[in-house]
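Values in this document were obtained by computation on a predicted structure and should not be read as measured data.
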Amino acid sequence: QEQLVESGGGLVQPGGSLRLSCAASGFTLDWNFYAIGWFRQAPGKEREGVICMFSRVSGGRTYSPDSVKGRFTIARDNAKNTMYLHMHSLKPEDTAIYYCAAADSGYGCYESGITKSDFDYWGQGTPVTVSS
């Protein structure tokens, strides 16, 4: 069964840091061609992209919106078939369910934004709560 499995969510104080992991099973995240990304969905809001990485053939650059730029980074470990989301200087408004995603087409991550519909592999979501 092809799936993405997330871990690492939890409760963190404002200003704190957290690392989320997303392991692929049943398939290989081919970094040469897959775009990867992280999304979040707060209660009553649409799911939004928070950071993505281009496929290697497309340059391997990253994109993130201003709301998280400089605080969130994305990383990958080819040997472990795993991607990560590193979050720093967390704010209460970062509270949400966080989802990892991958696009085998290589699309979905652009210089101007993230297109949710281009991603075809999704994790089950992990909750992050930022509160004192």
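Heavy atoms only, all atoms of each residue included: Ser131 and Pro14 are closest at C-CD, 3.6 Å. Closest approach of Leu29 to Leu4, counting heavy atoms only: CD1-CD2, 4.4 Å. Considering all non-hydrogen atoms of both residues, Ala103 and Asp120 come closest at CA-OD1, 3.5 Å. The two residues Pro65 and Gly49 make their nearest non-hydrogen contact at CG-O, 3.8 Å. Scanning both residues, Ser17 and Ser89, for their nearest heavy atoms gives OG-N, 4.4 Å. Taking both residues in full, the closest heavy atoms of Lys80 and Thr82 are given as O-OG1, 2.7 Å, listed atom of the first, atom of the second, then distance.
More than 12 heavy atoms of other residues, nucleotides or ligands sit less than 6.0 Å from atom NZ of Lys69. Within 6.0 Å of the CD atom in Glu93, the count of heavy atoms belonging to other residues, nucleotides or ligands exceeds 12.
In terms of hydrophobic clustering, with Ile, Leu, Val, Met, Phe, Trp and Tyr side chains grouped at heavy-atom distances under 4.5 Å, Leu85 and Tyr121 are assigned to a common cluster. Note: the hydrophobic cluster containing Leu20 also contains Val130 (ILVMFWY, side chain heavy atoms under 4.5 Å, direct or indirect links). Leu18 and Met83 end up in the same hydrophobic cluster when Ile, Leu, Val, Met, Phe, Trp and Tyr side chains are linked at under 4.5 Å. When the side chains of ILVMFWY residues are joined at heavy-atom separations under 4.5 Å, either directly or via intervening members, Val12 and Val68 end up in a single hydrophobic cluster. In terms of hydrophobic clustering, with Ile, Leu, Val, Met, Phe, Trp and Tyr side chains grouped at heavy-atom distances under 4.5 Å, Phe27 and Phe119 are assigned to different clusters.
Within the 6.0 Å centre-distance limit, the rings of Phe39 and Trp122 are counted as a close aromatic pair. The ring of Phe54 has its center no closer than 6.0 angstrom to the ring center of Tyr63.
Thr28 places none of its side-chain heavy atoms less than 4.5 Å from the side chain of Glu2. Side-chain contact between Arg76 and Tyr84: absent, with no pair of heavy atoms (C-beta onward) separated by less than 4.5 Å. Side chains of Gln41 and Glu48 form no contact here, defined as non-hydrogen atoms less than 4.5 Å apart. Residues Phe33 and Asp104 fail the side-chain proximity criterion, which asks for heavy atoms closer than 4.5 Å.
The CZ atom of Phe72 sits 9.5 Å away from the OG atom of Ser64 when rounded to the nearest 0.5 Å. Of the inter-residue distances, the one linking Met53 atom CE with Trp31 atom CH2 reads 8.0 Å to the nearest 0.5 angstrom. Within the model, atoms CG of Asp77 and OG of Ser21 stand 10.0 Å from one another, a figure rounded to the nearest 0.5 Å. Here the straight-line distance linking atom OG of Ser132 with atom CD of Gln13 works out to 7.0 Å at 0.5 Å rounding. Taken from CZ in Arg71 to NZ in Lys91, the straight-line distance is 4.5 Å, to the nearest 0.5 Å.
Between Asp94 and Arg40 there is a salt bridge, since a side-chain N of the basic residue sits under 4.0 Å from a carboxylate O of the acidic one. By the 4.0 Å N-to-carboxylate-O rule, Glu111 lies close enough to Arg61 to be salt-bridged with it.
Ring orientation note: the planes of Tyr110 and Tyr107 are close to parallel, at an angle under 30° on the 30°/60° scale.
Ile36 pairs in a side chain to side chain contact (heavy atoms under 4.5 Å, CB included) with only one of the listed residues (Ile51, Thr62, Ile74), which is Ile74.
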* **Residues Glu46, Lys116; criterion side-chain contact (heavy atoms from CB on, under 4.5 Å); working and verdict** => CA-CA 11 Å; Glu46 294 284 326; Lys116 183 173 57 180; 4.1 Å; yes
query = Yes or no on side-chain contact (heavy atoms from CB on, under 4.5 Å) for Glu6 and Tyr98, after CA distance, side-chain angles and deciding distance?
reply = CA-CA 9 Å; Glu6 297 141 349; Tyr98 282 73; over 6 Å; no
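Side-chain atoms of His86 and Thr73 include no donor-acceptor pair closer than 3.5 Å.
Formation of a donor-acceptor pair under 3.5 Å by the Thr126 side chain with backbone atoms of Gly9 is found in this model.
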